[in-house]
Number of protein chains: 2
Amino acid sequence: MAQKIKLSTIAETLGVSTATVSLALRDSPLVAETTRERIKEKARALGYIYNRRAASLRTRRSGIIGVVVRDIINPFYAEILGAIESELDRSRQTFILSNHYDSVEKQRNFIETLLQLGGDGVIMSPAIGTPAADIRLAEENGMPAILVARSVDNVDVPTFRGDDAYGVSLATNHLIGLGHRTIAMVGGSDHTSTGRDRYRGYTDALDRAGIPVDESLRIPGPRTKQGGFEAAVHFLSMRQKPTAAVCWNDLVAIGLMSGIARAGAIVGRDVSVTGYDDLEEAAIATPALTTVWNRQADVGRSAARALLDKLSGSSEPNGLHLIKPEMRIRQSTGPLKLAVLHGREGRQA
Amino acid sequence: MAQKIKLSTIAETLGVSTATVSLALRDSPLVAETTRERIKEKARALGYIYNRRAASLRTRRSGIIGVVVRDIINPFYAEILGAIESELDRSRQTFILSNHYDSVEKQRNFIETLLQLGGDGVIMSPAIGTPAADIRLAEENGMPAILVARSVDNVDVPTFRGDDAYGVSLATNHLIGLGHRTIAMVGGSDHTSTGRDRYRGYTDALDRAGIPVDESLRIPGPRTKQGGFEAAVHFLSMRQKPTAAVCWNDLVAIGLMSGIARAGAIVGRDVSVTGYDDLEEAAIATPALTTVWNRQADVGRSAARALLDKLSGSSEPNGLHLIKPEMRIRQSTGPLKLAVLHGREGRQA
DNA sequence: CTGAAAGCGCTTACAG
DNA sequence: CTGAAAGCGCTTACAG
């Protein structure tokens, strides 16, 4: 590569000071218009590249925002990220992305790297078991944090997530309304606030309908398509013979539906399945998935805006912002048909 | 936040020079072990945060690597990224990710931002229409580029991608071997090297089998599940009555299968479908998808290693590195059954 | 409207 | 083995 072009190169070429060049390139009204144009023109001609490290060393603003989630391969996070990206893009922030795969250590490394780079802020969907101290590490070093999708106890930062208990109760009520009484819950765990809230939504709905809660109808664990697919065997062989499944998320539901289909049963007729999130692919699965819209885009957008507001000095209220999910009824759920699933007597549609 | 701790803070506290602190923190053997330990201990105690901007301003190495692909929501790219991530992680590089959504402008902005941040290198799956000049912009400013999944003409940088023509010909041959003669090609376009190569693989296989190529059996465009799903109507109403479809990728294939299933036909029996990539979910789709393993992990890993090698001074050979795909035969393809699909006369399995 | 000078927090020769 | 000093490329008061 050729000689590196810097501010002083432009300044010397044009016979002005570096201060003038610096101001001109940032469109300062302090510089006369003609001077400004000459400078910008020359910068372009020389192929000048602004050195943000040098600038941010001085200004203490880097224009970098960190985002860390469990796993971007999960479309749920990908959809949140999409909204964050478009929001940050328009205010010309660069964002650095990382997965933590629920490793608190990996997450902490990321926060430290971000601090070293002078990150202006961080949006995180915290790893399971994140200690409050890790969030404070960021905050105390002048890097505000915003939480999405999951909460952390004993930490007072803006948190945006869906109202999980309410959302799952919507799905459960929908199934109860269709006549189902033996309803399994597939996926998730008690290790996250989300997991606890979703299970509570399920049991609350059963309670309100006067249906006894049976712990053994819960298949904890699955959170991916693969997991849902593998859970199908367990689900189909339960001695209680559930006629419906409330799934942890759409991925689990889609995997479960695939497993059920392979076993020869028809979802939506023989057995009903609900998802959670309303991912893009929920509507085009066969059968189309009945699910709960978790408003990923709203979560991402709100979080990004909250951070930008904080950076620009306005005082965003801390604390939890619950976003109300909505039911999406499609073909994977249908009215209870007795004795169809587990004593299939050859009846055809 | 408290007073910012810097090297000089530690130096003063301990009564040594900043040079010594700097060397000690980086484990230089030039510093006596006891001094080194005292310094590291103190740094920890004070909560010192290394300022990488300041350091990189001096060293001209940032530890930042950029990665830009079309769209990380696409699992194909997500799988490549996963491999890049684990490779870069182990050499403690930070990576900055961006989507370009096939906008050359968005991609150029990203390259410029990366240059401003002093990025050490960039791995890109170039946007459609990327001019050679944009790659040169990076290279000429000392930031080496590596290409994945797609090539750019007139540019001599290491490029890693699957052998698309060969891969699609594998899928096409498989269908021909099952007796299919009227085979549609669903998805993709001629705007990318990949698109042209895959179509060529399809026509080459037909040619070799003495089957005339019929342009109207091609449904260009789809590249997502949604696209494949929507193409089902077109596919099922073609006057040539194709008995099989070679799909652009697994997403298109899975969407197409869903659309075909909704129309009441059975994939793998009435009509055969092949995918491309062998995404994780291909094996758990119902029916399990016959596809071509595109070795995403190998592509990502090779690209990351090539870049790291280049950064450490070894001279990685430029040019194209084709990675050989492999066939994965599952349940979505089966032997031709005449007159089943388009004149369904009620025969049951 | 423009310039001279200091300083952001590191690292790197250079001396001792 | 350790220290004093210069410099990476910007921006920011301060003067004029």
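The chains referred to below are lettered A, B, ... by the order of the sequence lines, with proteins before strands, and numbering in each begins at 1.
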Roughly, in whole Å, what's the span from [atom1] in [X] to [atom2] in [N]?
{"X": "B:Ile10", "N": "C:dC10", "atom1": "CD1", "atom2": "P", "answer": "8 Å"}
{"X": "A:Leu115", "N": "C:dG9", "atom1": "CG", "atom2": "P", "answer": "15 Å"}
{"X": "B:Leu30", "N": "C:dA15", "atom1": "CG", "atom2": "C1'", "answer": "14 Å"}
{"X": "B:Arg58", "N": "D:dA6", "atom1": "CZ", "atom2": "P", "answer": "12 Å"}
{"X": "B:Asn51", "N": "D:dC10", "atom1": "CG", "atom2": "P", "answer": "17 Å"}
{"X": "A:Leu7", "N": "C:dG3", "atom1": "CG", "atom2": "P", "answer": "13 Å"}
{"X": "A:Leu117", "N": "C:dC8", "atom1": "CG", "atom2": "P", "answer": "20 Å"}
{"X": "B:Arg52", "N": "D:dC8", "atom1": "CZ", "atom2": "C1'", "answer": "17 Å"}

inquiry  = Would you say CG of B:Asp27 has more than 12 non-hydrogen atoms from neighbouring residues, nucleotides or ligands within 6.0 angstrom?
reply    =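 Enclosed.
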Establish, with yes or no, whether the OP1 or OP2 oxygen of [N] is under 4.0 angstrom from a side-chain nitrogen or oxygen of [X].
{"X": "B:Arg53", "N": "D:dC8", "result": "no"}
{"X": "B:Arg26", "N": "C:dT12", "result": "yes"}
{"X": "A:Arg61", "N": "D:dT11", "result": "no"}
{"X": "B:Thr20", "N": "D:dT2", "result": "no"}

task = Can you tell me the pairing partner of D:dT2 across any strand shown, Watson-Crick or G-U wobble, with both distances under 3.5 angstrom?
result =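 Check on D:dT2: paired to C:dA15, both distances under 3.5 Å.
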request  = Evaluate side chain to side chain contact (heavy atoms under 4.5 Å, CB included) for B:Ile64 paired with B:Gln93, printing each intermediate quantity in order.
outcome  = CA-CA 6 Å; B:Ile64 290 177; B:Gln93 299 276 332; over 6 Å; no
request  = Look at all strands and tell whether B:Gly15 reaches a base, only sugar-phosphate, or nothing, counting heavy atoms closer than 4.0 Å.
outcome  =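 Sugar-phosphate contact only.
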Touch class at under 4.0 angstrom, heavy-atom based, for B:Thr35 against every strand present =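 Sugar-phosphate contact only - B:Thr35 comes under 4.0 Å of backbone atoms but never of a base.
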query = Does a side-chain heavy-atom distance below 4.5 Å link A:Val68 with A:Lys106?
reply =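 No, every pair of side-chain atoms sits at 4.5 Å or beyond.
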request  = For B:Leu57 and for B:Val16, locate the closest nucleotide of DNA chain D by heavy-atom distance; then report the residue assigned to the nucleotide nearer the 5' terminus.
outcome  =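 It is B:Val16 whose nearest nucleotide is closer to the 5' end.
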query = Nearest of C:dG3, C:dC10, D:dC10 to any side-chain atom of B:Ala55?
reply =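 Among the listed nucleotides, the one closest to the side chain of B:Ala55 is C:dC10.
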Nucleotide nearest B:Ala19 (side chain, heavy atoms from C-beta), chosen from D:dT12, C:dC10, D:dA4 =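 Closest nucleotide to the B:Ala19 side chain: D:dA4.
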query = Closer to the 5' end of DNA chain C via nearest nucleotide, is it A:Thr18 or A:Ala32?
reply =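 On the 5' side of the pair lies A:Ala32.
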message = Any side-chain to backbone donor/acceptor pair from B:Ser56 onto B:Thr59? Under 3.5 Å, distance only.
response =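 Between the backbone of B:Thr59 and the side chain of B:Ser56 there is no qualifying donor-acceptor contact (under 3.5 Å).
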query = Yes or no on side-chain hydrogen bond (donor to acceptor under 3.5 Å, both in side chains) for B:Arg52 and B:Thr94, after CA distance, side-chain angles and deciding distance?
reply = CA-CA 11 Å; B:Arg52 266 162 73 159; B:Thr94 301; 3.0 Å; yes
